[in-house]
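Please read the structure below before turning to the comments.
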Amino acid sequence: MLGFSDPVADAISLLRPRTVVGPSLYATGEWGLHFDQFPHVRIGGLVRGSCWLVLDGHEPVLLQEGDTFMLGNPPPYVLASTPGARTRPAEQVWARAEDGSVRIGPEPEEDEQDLYLCVGHIAFDDGNATLLTDLLPPLVIVRAADPRGLELGQLITLLATEVEATAAGGPLVQSHLAQILLVHMLRAHAGRTDRPTGWLGALNEDGIGAALRAVHADIAHPWTLQELAEISHMSRSAFAQAFKSHVGVPPLDYLIRWRMNLARDALARGTLSISELARATGYQSESAFSTAFRRVVGSSPSTFRDQARKLTRADAPR
């Protein structure tokens, strides 16, 4: 069976996240780093000290010790000691890192405190990246005093420690910690009163969330609107209206789109034949599956698979 039983786990698995955690930053005095535009997600937090985050098109935001931040498809931005500080490219500073850390400015005096910052980025497969990135605002901040702030601050501290440890298996541990951090940030974002639209926000709605989890738990089941409404303890009309209001598309449209997202991933990786994939996504025949796939994706399953294989061969090392 394709998928898991949790929409967040399903989405992140399908996105094939690739995580790179930058060196820890220690800074004193006046400093500023300019980060170029980056697709998908940047994530980070302050283990110690404070700094300003200046995102193009937004007011400067003061980040303090224990705060965690997430940037969705961020435009160019700056991290600095003050909003008007002179900046230099972050890439140049990271290039001179040693033992998992880099310093800007002199070592702090005994009565001084330096900044201690950990940042990283998470990239996804372009074909499915919009599943998540379309739901994210440019900036999500979880303050140290927020209900989830303590656990997020602990994750940032653990991640920063792991970066500097340079121990065996470090990149793997860093990748998993960054993905755990991402999930916690998504939970925090979805749980706010100004929660996002789309499936992420709908998970906190008891009825709609139950229907979403049921769909993800058994993608091959021939779901009907009536069945999903009953799971949500609503009438068909009330469920259909509430689902579209929260998720943005009708329930059965969501089901078809999710099936096709899974199908595209399986075809690209060559894990199932087209006939096996048809059954795994709830279609009684290969022709019915192919018709649905063409309608959503714009090409036949075989054409999509062949093109994916060509791209894989072109990208393979020679």
Side-chain angles (χ1 to χ4, degrees), residues 1-22 36-44 70-74 119-136 140 155 159 162-163 169-187 189-190 196 198-200 203 212-213 215-217 219-220 254-274 276-277 280-281 289 293 296-299 301-317:
M1 184 174 67
L2 294 175
F4 302 97
S5 59
D6 176 81
V8 174
D10 280 355
I12 292 177
S13 175
L14 190 62
L15 292 172
R16 311 288 170 200
R18 302 179 301 280
T19 302
V20 176
V21 181
D36 292 330
Q37 183 175 1
F38 180 81
H40 308 158
V41 170
R42 281 198 186 272
I43 200 162
M70 177 173 65
L71 304 170
N73 274 334
V119 293
H121 63 255
I122 304 175
F124 307 117
D125 278 0
D126 287 330
N128 290 313
T130 55
L131 281 174
L132 183 60
T133 57
D134 279 358
L135 305 179
L136 297 179
V140 176
L155 280 170
L159 183 58
E162 187 64 34
V163 169
L172 178 63
V173 175
Q174 294 168 29
S175 178
H176 284 304
L177 284 173
Q179 291 179 42
I180 292 170
L181 188 62
L182 171 64
V183 171
H184 279 275
M185 290 295 289
L186 292 175
R187 288 176 179 174
H189 176 50
W199 59 266
L200 182 59
L203 291 175
L212 280 169
R213 285 186 285 271
V215 165
H216 282 252
I219 197 69
Y254 176 87
L255 171 63
I256 293 171
R257 291 184 188 186
W258 180 247
R259 284 172 169 170
M260 294 307 113
N261 284 330
L262 293 173
R264 286 193 303 184
D265 181 66
L267 288 168
R269 294 188 296 124
T271 54
L272 295 172
S273 69
I274 294 175
E276 290 172 332
L277 191 51
T281 51
F289 167 73
F293 189 92
V296 174
V297 179
S299 66
S302 58
T303 298
F304 181 90
R305 180 190 57 196
D306 293 345
Q307 290 174 341
R309 287 176 177 173
K310 288 179 182 178
L311 289 174
T312 300
R313 286 196 295 267
D315 292 339

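In what follows, every heavy atom counts, from backbone to side chain, and hydrogens, waters and symmetry copies are set aside.
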Sidechain-backbone polar pair: Arg42 side chain, Leu71 backbone, donor-acceptor under 3.5 Å:
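No.
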
Determine whether a donor-acceptor pair (N or O, by modelled atom type, separation under 3.5 Å) exists between the side chain of Arg305 and the backbone of Gly270.
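Here the side-chain-to-backbone pair does not exist.
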
Determine whether Asp265 and Thr271 make a side-chain contact, defined as any pair of heavy atoms from C-beta on separated by less than 4.5 Å.
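A side-chain contact under 4.5 Å is absent here.
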
How about Leu177 and Leu155: do any of their side-chain heavy atoms sit closer than 4.5 Å?
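Yes, close enough: below the 4.5 Å cut-off.
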
Search all heavy atoms of [X] against all heavy atoms of [Y] and return the closest pair with its distance.
{"X": "Ile122", "Y": "Pro17", "answer": "CG2-CB, 3.8 Å"}
{"X": "Leu277", "Y": "Ala263", "answer": "CD2-O, 3.6 Å"}
{"X": "Phe124", "Y": "Arg18", "answer": "O-NH2, 3.4 Å"}
{"X": "Pro74", "Y": "His40", "answer": "CD-O, 3.8 Å"}
{"X": "Ala280", "Y": "Leu272", "answer": "CB-CD1, 4.3 Å"}
{"X": "Thr19", "Y": "Ala178", "answer": "CG2-CB, 3.3 Å"}

Side-chain H-bond candidate by donor/acceptor type, Ser175 with Gln179, under 3.5 Å
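There is such a pair (donor and acceptor under 3.5 Å, judged by atom type) between the side chains of Ser175 and Gln179.
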
Checking Met70 against Leu186 for the side chain to side chain contact (heavy atoms under 4.5 Å, CB included) test, could you report, in this order, the C-alpha distance in whole Å, the side-chain angles of both residues, the deciding distance, and whether it holds?
CA-CA 9 Å; Met70 177 173 65; Leu186 292 175; 4.2 Å; yes

Evaluate the criterion side chain to side chain contact (heavy atoms under 4.5 Å, CB included) for residue pair Asn261 and Val296; output intermediate values, then yes/no.
CA-CA 9 Å; Asn261 284 330; Val296 174; over 6 Å; no

I'd like to know whether Leu262 forms a side chain to side chain contact (heavy atoms under 4.5 Å, CB included) with Leu14, so could you lay out the CA-CA distance, the side-chain angles of the two residues, the decisive distance to 0.1 Å, and finally the verdict.
CA-CA 7 Å; Leu262 293 173; Leu14 190 62; 4.2 Å; yes

Ring geometry between Phe293 and Phe289 (parallel below 30°, tilted from 30 to 60°, perpendicular above 60°):
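Judged by the thresholds at 30° and 60°, the geometry between Phe289 and Phe293 is tilted.
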
Please walk me through it: do Ile180 and His184 pass side chain to side chain contact (heavy atoms under 4.5 Å, CB included)?
CA-CA 6 Å; Ile180 292 170; His184 279 275; 3.6 Å; yes

